[in-house]
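One structure is given below, encoded as structure tokens.
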Amino acid sequence: MSKKSAANFIKYGGAVLFGALLALGALRLRGYTGAEEAAEKYRILCDAFTFPGVLLILTAALVALSNEGAFAGIGYVTSYALRFLIPGMGSRQETYAEYLERKTEKGRVKGYGFLLHVGLGYFALALIFLALFYRNFQG
């Protein structure tokens, strides 16, 4: 196995394991083992897989927004406030343009697409359980 495929396996495997632990925790909290009706079990399964799916999708969205500089203003204001409030942090305050230049030198985060892919997989499972719920719901 090449280094790239091994790294991908670790990233995807870690994200799948994280989502599975969240789903398992949701199943235990919702009392899946105590549910008697099929519709109730499908509802609990839908809830359990929705949470990790949405969490992973939104994490990927936050990384993408951060790459575009959506949080640069918040970071600048925070650093400005810290330099102003804490003595000895430096007398010269950098301008916003200097701050942006310093932050963009580091480059963007790359290789976070696995979060979106795994999140979409969990969300697809949730949609399947939602369809099964409505198929068995006697409501």
Side-chain angles (χ1 to χ4, degrees):
M1 190 173 355
S2 70
K3 265 188 167 181
K4 186 176 180 179
S5 62
N8 280 338
F9 180 75
I10 290 172
K11 288 192 299 188
Y12 278 91
V16 167
L17 181 64
F18 175 73
L21 289 174
L22 285 177
L24 186 65
L27 287 173
R28 294 193 75 176
L29 285 174
R30 294 282 191 161
Y32 177 76
T33 55
E36 294 178 8
E37 296 181 21
E40 181 68 15
K41 286 187 176 193
Y42 288 135
R43 184 188 62 80
I44 294 170
L45 284 168
C46 178
D47 291 346
F49 284 103
T50 299
F51 181 65
V54 169
L55 186 67
L56 288 168
I57 291 169
L58 292 179
T59 301
L62 276 175
V63 172
L65 284 172
S66 177
N67 276 345
E68 295 301 320
F71 305 118
I74 296 169
Y76 176 73
V77 169
T78 304
S79 70
Y80 187 85
L82 285 176
R83 286 182 186 269
F84 181 75
L85 294 173
I86 299 174
M89 286 286 291
S91 59
R92 183 187 176 285
Q93 179 64 36
E94 64 185 346
T95 64
Y96 184 65
E98 293 169 344
Y99 177 82
L100 279 180
E101 183 179 327
R102 182 172 56 89
K103 288 296 182 179
T104 55
E105 283 177 356
K106 295 179 183 176
R108 297 175 173 217
V109 176
K110 297 176 185 166
Y112 62 91
F114 69 96
L115 293 171
L116 180 65
H117 298 143
V118 174
L120 288 173
Y122 276 110
F123 198 68
L125 281 172
L127 290 177
I128 290 169
F129 287 124
L130 181 67
L132 289 170
F133 166 74
Y134 278 114
R135 189 171 181 207
N136 291 300
F137 185 61
Q138 301 294 326

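Positions are given from 1 along the sequence.
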Exercise for the section: Please round to the nearest 0.5 Å and tell me the distance separating atom CG of L55 and atom OG1 of T59. Expected result: 4.5 Å
Practice task
Can you measure from CG (L24) to CG (L17) and round to the nearest 0.5 angstrom?
Solution key: 10.5 Å
Handout entry: Point-to-point distance, once rounded to the nearest 0.5 Å, from CG of L45 to CG of L125
Key = 9.5 Å
Exercise for the section: Could you state whether L127 and I57 fall into the same hydrophobic cluster, counting links through intermediate Ile, Leu, Val, Met, Phe, Trp or Tyr residues with side-chain heavy atoms under 4.5 angstrom apart? Expected result: yes
Problem - Which atom of I44 lies closest to which atom of G31, heavy atoms considered - result: CD1-O, 4.1 Å
Exercise for the section: Could you tell me whether R102 and E105 make a salt bridge, using a distance below 4.0 angstrom between a side-chain N and a carboxylate O? Expected result: no
Problem - Gap separating the NZ atom of K41 from the CG atom of N136, nearest 0.5 angstrom - result: 12.0 Å
Practice task
Could you label the plane-to-plane angle of the F137 and F133 rings as parallel, tilted or perpendicular, counting under 30° as parallel and over 60° as perpendicular?
Solution key: tilted
Exercise for the section: For the residue pair F71 and L62, establish whether any side-chain heavy-atom pair is separated by less than 4.5 Å. Expected result: yes
Practice task
Enter the distance from F9:CZ to S2:OG here, rounded to the nearest 0.5 Å.
Solution key: 13.0 Å
Exercise for the section: Inspect the surroundings of OH in Y12 and state if more than 12 heavy atoms from other residues, nucleotides or ligands are less than 6.0 Å away. Expected result: yes
Problem - side chain to side chain contact (heavy atoms under 4.5 Å, CB included) assessment of Y112 paired with N67 - result: CA-CA 11 Å; Y112 62 91; N67 276 345; 3.4 Å; yes
Exercise for the section: Count the heavy atoms of every other residue, nucleotide or ligand shown that sit under 6.0 Å from CD of E98, and state whether that count exceeds 12. Expected result: yes
Exercise for the section: Drop me the distance from L100's CG to E94's CD, to the nearest 0.5 angstrom. Expected result: 9.5 Å
Practice task
Please tell me if the side chains of L56 and L116 come closer than 4.5 Å, counting only heavy atoms from C-beta onward.
Solution key: no
Exercise for the section: Determine yes or no for a side-chain-to-main-chain donor-acceptor pair under 3.5 angstrom, with Y122 supplying the side chain and A20 the backbone. Expected result: yes
Practice task
Please determine which of Y32, Y42, F129, F123 meets the ring-ring contact (aromatic ring centres under 6.0 Å, His included) test together with F49.
Solution key: F129
Problem - Over all atoms of both residues, closest heavy-atom pair of A126 and C46 - result: O-SG, 3.4 Å
